[in-house]
Amino acid sequence: MSARTTPAAPVPPGPPGPTGPTVPSGSSGSSGSSVTSVFVRLKLSLLRNGLRQSGGRRAAYIASAVLVLLFAALQLIGLIALRGYAHVDSLVVLLAAVLALGWAVMPLFFPGGDETLDPTRLVMLPLRPGPLVRALLTSSLVGIGPLFTLCVLAGSVVAVAHGGAAYAVGVVGAVLALLVCVTLARAVAAANVRLLTSRKGRDLAVLSGLVVAVGAQLVNFGAQRLGSSGLGELDPVADVVRWIPPASAVGAMDAASDGSYGTALAQLALTAAALVVLLRVWARHLTRLMTAPDGSTLQSDTGPVRERGSAGLARWLPAGRTGTTMERTLRYVWRDPKTKAAWVTSLAIGLIVPVFNAWQGTGSVYFACFAAGMLGIQMYNQFGQDTSAFWMVAMTISSTRDAYVELRARALALLLITLPYATLVTVLTTAMLDDWRALPEALGLSFALLGAMLATGAWTSARFPYSIPQEGYKNVAPGQVGLAWVSIFGGMIGAALLCAPVIALTIWLNVSEGAGDTGWVLLPVGAVYGAVLTLLGLRLAAPRTAGRLPEILTAVSKG
């Protein structure tokens, strides 16, 4: 029997052998470099193939890359412009520490941002820890994040270094700092990969909203302090941070510029030691991931399953459809990643904005209404939060009464959280400003605003429903962005107009000379007015919900 042969196409290095990756030719010492080149090409292929999936993803990646690179260029130019200014060394040291912190938390908050952060995809390959670590580290240097970090470190070198020795130390220090940042991110990802690839682990991403909210306010507060006091405010903290890797590598530049070469070498050695430790920790976690069994290979517990009765909050909820709907809504808040992310962000921003402004002495008690406004947004697009599971709810709605009870129960579930939270934020803001006279007015306005947003949210949920994709970071399905804008911003404008009478009464009581100390009347007025608005909104939304069930189900199932 004969066989016909055809010329073989060029292929990358062959598959791994029993003791490590197989290379086409060369000594065994070339095995590591071969694995490294394969992983670099793999990283580039992942980036290229990801961009080929859709035009929208390609446009989003290019836009984000342009923005990041533009910001990196501005950082570089700004640091170069600060060359020669006093205390600039403290600024760049703290900037390096912030970069390292960002690299450390990135795998926790964005586990799906880089598919190569999951080394469990390589468990079937017989790769040794040493070559694998080198290959992953080299491939990790390909991307926008390392380029941004390198630009900031390069600007730090130019801003601080003076003299040839300082520039030499700066080049070595910048390379070491970049390697420490990347290795730190990889070590954190490897240590938590089992958690990050689970459903509960992916829920850690909801904290990103909290971190962004807190970080933005901290940056704002710090910028105001620096603008009024100068960079000298950073010196006490920088004196400590400059001995913590990788900031110590940046601190070595300043020490070399001052002629303290022994201190510079010590700081570089400290950064190099940190890099070695991180590489060893990373390699140990990789070895454990490659050899230790996970939950999919362990025998499940087949013991008796205990029936769970009514426990916890469910015991205190009303009976019937109202209690069932309230419990379902609260379970979404606790278990659904997208719903939880929205709640965490709203709770954080609703507290941070009034408290930080009060802390800086520039706030007002009425800023506490921000908490009610942020939480009131959660009433919008109620059915979209159910996604395709809304069909089970729709099967139980056969009349306007059913729709009213469903909407009322969802509003009551939100009030269990929003009412005490808005009250707490208002009292805390009042205490920080020591303006207890305005507490009843602020509470009355918060309750009225919350009632107005619940009313408009119920109506827009039935009139402008849209789907929330369960995968990825998008909160609106493609083609429904216009519906989302109309639903949220149109509803917010309507809520503001509905609150106009209470706002007008507040202004009149504060400017009228004959009103006296009657601000307390706004608390019962605002509470009653908000309750009336909520009931009216639910009554108006119920018939529209019952009559548009097919349209609502179609809209919320598109994601």
Side-chain angles (χ1 to χ4, degrees), residues 54-57 59-60 63 112 205-206 208-209 325 328-333 335-346 349 373-397 402-404 406-411 413-414 418 450 452-498 534 537-538 540-559:
S54 66
R57 181 169 181 173
V206 304
S208 59
T325 303
R328 183 183 69 237
T329 301
L330 294 174
R331 285 185 183 273
Y332 279 163
V333 174
R335 293 184 177 182
D336 181 64
K338 289 294 182 71
T339 306
K340 186 189 294 186
W343 273 94
V344 168
T345 304
S346 297
I349 298 179
M374 289 300 301
L375 296 180
I377 294 177
Q378 304 308 316
M379 187 64 185
Y380 292 80
N381 197 33
Q382 275 293 304
F383 308 127
Q385 297 175 11
D386 296 350
T387 62
S388 57
F390 177 68
W391 73 269
M392 293 187 293
V393 178
M395 292 293 292
T396 65
I397 299 177
D402 292 336
Y404 173 76
E406 176 73 22
L407 290 170
R408 184 186 63 185
R410 292 175 183 247
L414 267 63
T418 54
L450 183 58
M453 298 199 73
L454 291 178
T456 55
W459 191 84
T460 57
S461 294
R463 182 61 182 85
F464 302 107
Y466 57 90
S467 178
I468 302 176
Q470 292 301 292
E471 300 296 333
Y473 297 98
K474 293 182 179 180
N475 291 321
V476 183
Q480 294 184 330
V481 177
L483 284 175
W485 279 85
V486 173
S487 174
I488 296 177
F489 290 99
M492 292 173 64
I493 294 174
L497 294 176
L498 290 175
T534 301
L538 296 176
L540 292 175
R544 185 171 292 273
T545 301
R548 300 187 72 246
L549 285 177
E551 292 85 349
I552 296 174
L553 182 58
T554 301
V556 302
S557 300
K558 287 185 177 180

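For reference, positions follow the sequence shown, starting with 1.
None of L407, L454, L450 except one satisfies the side-chain contact (heavy atoms from CB on, under 4.5 Å) rule with T534; the exception is L454.
Annotation: side chain of E551 is not in contact with side chain of P465 (no heavy-atom distance under 4.5 Å). Here the side chains of M379 and M453 are not in contact, with every heavy-atom distance at 4.5 Å or above. Looking at heavy atoms from C-beta onward, F383 lies in side-chain contact with T545 at the 4.5 angstrom threshold. Inter-residue side-chain proximity for Y332 and D386 is flagged as met; some heavy-atom pair is nearer than 4.5 Å. At a threshold of 4.5 Å between non-hydrogen side-chain atoms, the residues I488 and Y466 count as touching. Using a 4.5 Å heavy-atom cutoff, the side chains of F390 and Q385 are not in contact. Using a 4.5 Å heavy-atom cutoff, the side chains of T456 and L498 are in contact. L414 places none of its side-chain heavy atoms less than 4.5 Å from the side chain of L375.
By the 4.0 Å N-to-carboxylate-O rule, R328 lies close enough to E406 to be salt-bridged with it.
Across all their heavy atoms, A452 and A495 have their closest contact at CB-O, 3.7 Å. Closest approach of A455 and G537 over heavy atoms only: CB-CA, 3.8 Å.
A distance of 7.0 Å separates OG1 of T325 from CZ of R410, quoted to the nearest 0.5 Å. Note: T554 OG1 to R548 CZ = 10.0 Å, rounded to the nearest 0.5 Å.
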